[in-house]
Number of protein chains: 2
Amino acid sequence: MESVITKKERDCIISLHDNFSLPVRLFNIAEMLNIKAPTAHELVNRLISKRILQKNNGVISLTNYGDRIYGDIMTAHRTMEIIFTESGVNSDEACSEIEKIDYLMDKKSIEKLLVNIGSPEKCPHGKPVKP
Amino acid sequence: MESVITKKERDCIISLHDNFSLPVRLFNIAEMLNIKAPTAHELVNRLISKRILQKNNGVISLTNYGDRIYGDIMTAHRTMEIIFTESGVNSDEACSEIEKIDYLMDKKSIEKLLVNIGSPEKCPHGKPVKP
DNA sequence: CATAATATTAGTAGTATGCTAAAATATATA
DNA sequence: TATATATTTTAGCATACTACTAATATTATG
């Protein structure tokens, strides 16, 4: 059941969740990720076959499983963001560096890091650590 | 001049440096990385074209540049290892999880993390943070 | 219905990873 | 030195991922 995803797949999951309240269609994803429609089509199909995304009448959304993956990535991201900024790394810098690794990090280890820094509710940007 | 490397390339760099005192040849690398000779050949050639490895009479070694990359990876690895274990993550577990990300981490951020934890000389395994 | 907007398919390409089989080179040993 | 063994390299093939253009199909909208 382990989900091995790529950086592009990660970006797709995050922007699908974050950048829209309205229904998201393929061309929106292509736009958000700055790729052409056929490339987005491939990417989305890969994520659908991994049961992370689903499509209904052209509207693409996260499955429950995908939503859990999103949460895990964000928790890892924000936990690391707190650790980085507390060490003096600029928060934007921290954010862009952590994007490279958040989707690869172990959930259990992140949980321990989070407890160790006092289980804060929010990251430096004011967003919830556990979305 | 930024070095973008892959996980396999990272593993090659690390095992080349660590697992041998004797001259390392292609078949040693294939053995260490558990891949066949032609695959190792490709990998090594890629790293040679990136000026990370060099070959003299069949003996493969890190260039000065490659050695710097090795050092950066190990510093990132051990810095994170300290942070993880101080949060209660088992050190072997920490090690295997950090292998997935150490080669992707930003040098400047790592430097700040390291200062923040008191610039220790050694990691939980007793190895120098700055090799 | 016709036009516009979206989605999909087909075809191509590059990088990274991996393999087997065969050929070429070295290195040892008899 | 000649043969045998070890090692390297080439060739050919395959898969996953990312990405494109051009063309076709589908779905909305006027």
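Everything quoted here is computed from the prediction, not taken from an experiment. Below, chain A is the first sequence line, B the second, and so on; all start at residue 1. All values below were derived from every heavy atom in this structure, side-chain atoms included, with hydrogens, water molecules and symmetry-related copies excluded.
With sequence neighbours excluded, the residues satisfying salt bridge (charged side-chain N to carboxylate O under 4.0 Å, His left out) with A:K107 are A:D72. Evaluation of the side chain to side chain donor-acceptor pair (under 3.5 Å) rule for A:Q54 yields A:S61 as partners, not counting sequence neighbours.
Within the structure, salt bridge (Lys or Arg N to Asp or Glu O under 4.0 Å) pairs that include any residue of residues 7-31 of chain A comprise A:K7-A:D11, A:E9-A:R46, A:E9-A:K50, A:R10-A:D102 (at least two apart or interchain). For residues 79-131 of chain A, no residue pair satisfies the ring pair (Phe, Tyr, Trp, His ring centres under 6.0 Å) rule, not counting sequence neighbours.
Going from atom CZ of A:R10 over to atom P of D:dC17 covers 18 Å, rounded to whole Å. In this entry the distance linking CG of A:N57 with P of C:dT6 reads 16 Å, nearest Å. Rounded to an integer number of Å, the gap from NZ of A:K8 to C1' of D:dA16 is 15 Å. Taking atom CG of B:L43 as the reference point, atom P of D:dT8 lies 14 Å away to the nearest angstrom. For A:E42 and C:dT8, the CD to P distance is 12 Å, given to the nearest whole Å. Across the protein-nucleic acid pair, A:I60 atom CD1 and C:dT6 atom P stand 13 Å apart, rounded to whole Å.
Residue order along DNA chain D, read from the 5' end via each residue's closest nucleotide, puts A:K7 first among A:K7 and A:P38. Residue order along DNA chain C, read from the 5' end via each residue's closest nucleotide, puts A:K55 first among A:K55 and B:A37.
Residue A:H41 places at least one side-chain N or O under 4.0 Å from the OP1 or OP2 atom of C:dT8.
Taken residue by residue, residues 25-36 of chain B places heavy atoms nearer than 4.0 Å to DNA chain D at B:R25, B:L26, B:F27.
Residue contacts for B:T6: at a heavy-atom cut-off of 4.0 Å it reaches the sugar-phosphate backbone alone, with no base atom in range.
For the atom pair CD1 (A:I52) and CZ (A:R68), the distance works out to 10.5 Å, reported to the nearest 0.5 Å.
Picking from C:dT20, C:dT9, C:dA16 the nucleotide with the shortest atom distance to the side chain of B:K50 gives C:dA16.
A distance-only check finds a donor-acceptor pair linking the side chain of B:N90 to the backbone of B:D92 [under 3.5 Å].
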Could you pull out every donor-acceptor pair under 3.5 Å between side chains of residues 111-119 of chain B and any protein atom, sequence neighbours left out?
from: B:E111; atom 1: OE1; to: B:K130; atom 2: NZ; distance (Å): 3.0
from: B:E111; atom 1: OE2; to: B:K130; atom 2: NZ; distance (Å): 3.3
from: B:N116; atom 1: OD1; to: A:S87; atom 2: OG; distance (Å): 3.3

